[in-house]
Amino acid sequence: TRIYREGVYGRKPAVPVDPERLRRAARSAMSRRGWNYLQGSAGTESTASANRAAFERYRIVPSMLRDVSSRRLGVELFGRELPIPLLLAPIGVLELVHPQGDLAVAHAAADSGVPVMLSTQASWSMERVAEAAPRAPRWFQLYWSSDDELVTSMVHRAERSGCEAIVVTLDTHVLGWRPRDLDAGFLPFAHGQGIAQYTADPVFASLVRRRLKHPMSSPAPRPTPQALRALWSMSRNHPGSLLGNLRSPYPRAAVETFLEVFSRSSLTWHELDFVRQRTNLPIVLKGLQRPDDARRALDAGVDGVVVSNHGGRQIDGALGALEALPGIVAEVDGRIPVLFDSGVRTGADVFKALALGATAVGIGRPYAYGLAAAGARGVRSVLEHLGAELDITMALAGSADVAELGPAALTRLDG
Ligand code: FNR
């Protein structure tokens with residue numbers, strides 16, 4: 001209602017309410033390279049389209065004359081009460097989106113009470129984010145490194161810096177085929193961007209030092225000036241490395257080491273126990289699309305799953321993520337929270353995902369658009385808009401409590 005009132009008095013919101021105008025505002029605020037990285041999806045980008053098409057296919061069927069005068073949008077998740085059932089999905093390399101990147105997003109998380117999942121590919125380390133926004137509900141998203149010690153170190157750092165859950169992303173053990181970035185010859189990590197979680201890590205520093213003792217197989221591309229500065233301060237903080245002038249081989253060795261340890265595509269279900277034994281935090285698996293994988297997740301004893309296709313950035317020609325939700329919800333049968341992301345753009349979309357059984361719903365690009373357009377304030381606005389539209393949609397659909405939303409509120413069109 002506050003947003004409406006401001007509209008009545010002619011005040012415009014900090015960022016556009018309309019998703020398409022929001023997208024365009026972000027685009028005009030960003031470099032072309034940054035935009036392609038943010039917007040790009042896998043292959044012909046058909047999965048990203050399928051994500052939207054899936055939301056179009058489900059339609060809301062309202063009930064009349066229900067008392068919806070007071071409505072509850074909050075949910076409880078891993079012991080924390082969330083004011084709205086939203087999550088800020090992990091997005092790497094936010095320095096390409098806004099100079100304050102992860103820090104601005106964390107400020108918005110603190111203000112709104114919406115948890116932010118800090119990416120392994122973040123532009124600011126989890127410790128730095130914790131320092132800047134200690135009240136922000138934070139989860140740590142883990143890309144499982146090929147190096148065991150690095151996995152352990154990151155999980156422990158997440159615990160120590162106040163993260164409340166570990167989200168293991170399963171769908172990106174290999175980076176997707178992304179023509180926009182490929183055609184631009186652009187892999188941010190190769191230039192030292194989005195590697196702040198690594199450059200703050202003592203285990204990573206020792207891997208780089210080890211690497212410096214061996215001749216390099218193929219030289220990494222030259223880091224960008226900003227990345228060079230970050231890599232420098234890393235090498236200063238870890239004495240014993242070679243340093244001190246611009247010809248230092250340290251930055252390149254760090255980039256090479258990153259490219260080498262980024263992921264482990266040999267990972268299997270049996271190895272999940274490795275993380276379980278190293279933390280008491282809730283463990284959430286992100287990137288599930290099949291009921292049989294949900295069953296394996298239950299067998300592995302994890303605390304939650306995120307149904308997601310990474311916003312269509314990994315496999316071209318995949319299912320719209322929302323289509324995968326009902327099967328997984330049925331398999332999980334209320335035993336652990338089922339979270340959802342990929343393609344959510346409006347409060348009505350959030351309503352649909354909740355009605356299909358999601359406990360809470362993640363957004364990716366939309367908050368990055370808000371960040372690009374207006375920094376922390378933009379992220380906050382995007383969350384407010386989604387929350388307000390969800391609230392209105394619930395009222396109009398005859399639902400007073402998100403916990404009571406169910407498939408009866410929807411119908412599915414054929415085709
Ligand atoms: C992502 N996503 C992602 N996921 C993850 O687990 N770790 C990561 O580092 C990233 N990085 C990332 C960068 C960019 C630019 C985008 C757009 C996405 C995926 C993200 O968490 C989420 O699954 C999708 O963004 C959800 O889809 P929508 O909301 O963007 O359609």
Side-chain angles (χ1 to χ4, degrees), residues 3 12-30 34-41 45 47-56 73 82-94 96-98 100-102 104-109 111-119 136 139 141 286 306-313 320-322 339-354 358 360-393:
I3 293 168
K12 284 194 183 168
V15 297
V17 165
D18 174 70
E20 182 50 31
R21 272 197 292 273
L22 172 66
R23 202 180 77 91
R24 285 204 299 267
R27 182 180 191 158
S28 59
M30 288 179 67
W35 176 253
N36 282 335
Y37 172 70
L38 174 62
Q39 190 59 31
S41 289
E45 308 196 338
T47 303
S49 311
N51 284 342
R52 290 303 308 148
F55 276 102
E56 289 304 315
L73 271 69
L82 311 187
I84 45 177
L86 293 179
L87 303 163
L88 295 159
I91 292 194
V93 210
L94 283 172
L96 293 172
V97 178
H98 188 274
Q100 287 298 307
D102 306 85
V105 176
H107 284 302
D111 293 341
S112 59
V114 170
V116 54
M117 305 184 203
L118 304 174
S119 168
W139 298 2
Q141 175 267 320
K286 175 170 181 280
V306 188
V307 175
S308 165
N309 62 22
H310 212 102
R313 294 165 71 80
L322 193 70
L339 312 174
F340 175 84
D341 75 37
S342 294
V344 176
R345 295 294 176 271
T346 67
D349 293 342
V350 176
F351 180 99
K352 291 175 187 178
L354 294 172
V361 174
I363 51 165
R365 292 183 188 84
Y367 82 80
Y369 298 158
L371 177 67
R377 200 159 63 103
V379 177
R380 222 168 39 224
S381 282
V382 167
L383 291 170
E384 274 173 15
H385 297 168
L386 287 171
E389 191 195 348
L390 171 64
D391 182 44
I392 288 174
T393 306

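All figures in this text were calculated on a predicted structure; none of them were measured in a lab.
One finds the OG1 atom of Thr346 at 9.5 Å from the CG atom of Leu390 (value rounded to the nearest 0.5 Å). Leu94 CG to Leu118 CG: the interatomic distance, rounded to the nearest 0.5 Å, is 10.0 Å. With rounding to the nearest 0.5 Å, the separation of CG in Asn51 from CZ in Arg345 is 8.0 Å. Between atom CZ of residue Arg27 and atom CG of residue Leu22 there is a gap of 13.5 Å, rounded to the nearest 0.5 Å. Between the OH atom in Tyr367 and the CZ atom in Arg380 there is a gap of 16.0 Å [rounded to 0.5 Å]. Atoms CG and CZ, on Leu38 and Arg365 in that order, are 6.5 Å from each other to the nearest 0.5 Å.
Ala109 and Val116 get closest at one heavy-atom pair: CB-CG1, 3.9 Å. What you find for Leu371 and Ala376 is that their closest heavy atoms are CD1-N, 4.5 Å. The shortest non-hydrogen separation linking Val382 to Gly370 is CG2-CA, 3.8 Å. The two residues Ala25 and Ala373 come nearest to each other via the heavy atoms CB-CB, 4.2 Å. Here the shortest heavy-atom pairing between Thr393 and Gly347 reads OG1-C, 4.5 Å. Considering all non-hydrogen atoms of both residues, Ser381 and Val15 come closest at CB-CG2, 3.7 Å.
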Decide yes or no on side chain to side chain contact (heavy atoms under 4.5 Å, CB included) for Val307 and Leu339, but give the supporting numbers first. CA-CA 6 Å; Val307 175; Leu339 312 174; over 6 Å; no

Mind running side chain to side chain contact (heavy atoms under 4.5 Å, CB included) on Tyr369 and Gln39 for me, showing each step along the way? CA-CA 10 Å; Tyr369 298 158; Gln39 190 59 31; 2.6 Å; yes

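The pair Arg52-Asp349 meets the salt-bridge criterion, with a side-chain N (NZ, NE, NH1 or NH2) lying under 4.0 Å from an Asp/Glu carboxylate O.
In this structure a side-chain-to-backbone donor-acceptor pair under 3.5 Å is missing from Thr47 to Gly312. Proximity of a side-chain donor or acceptor of Ser308 to a complementary backbone N or O of Phe340 within less than 3.5 Å is not detected.
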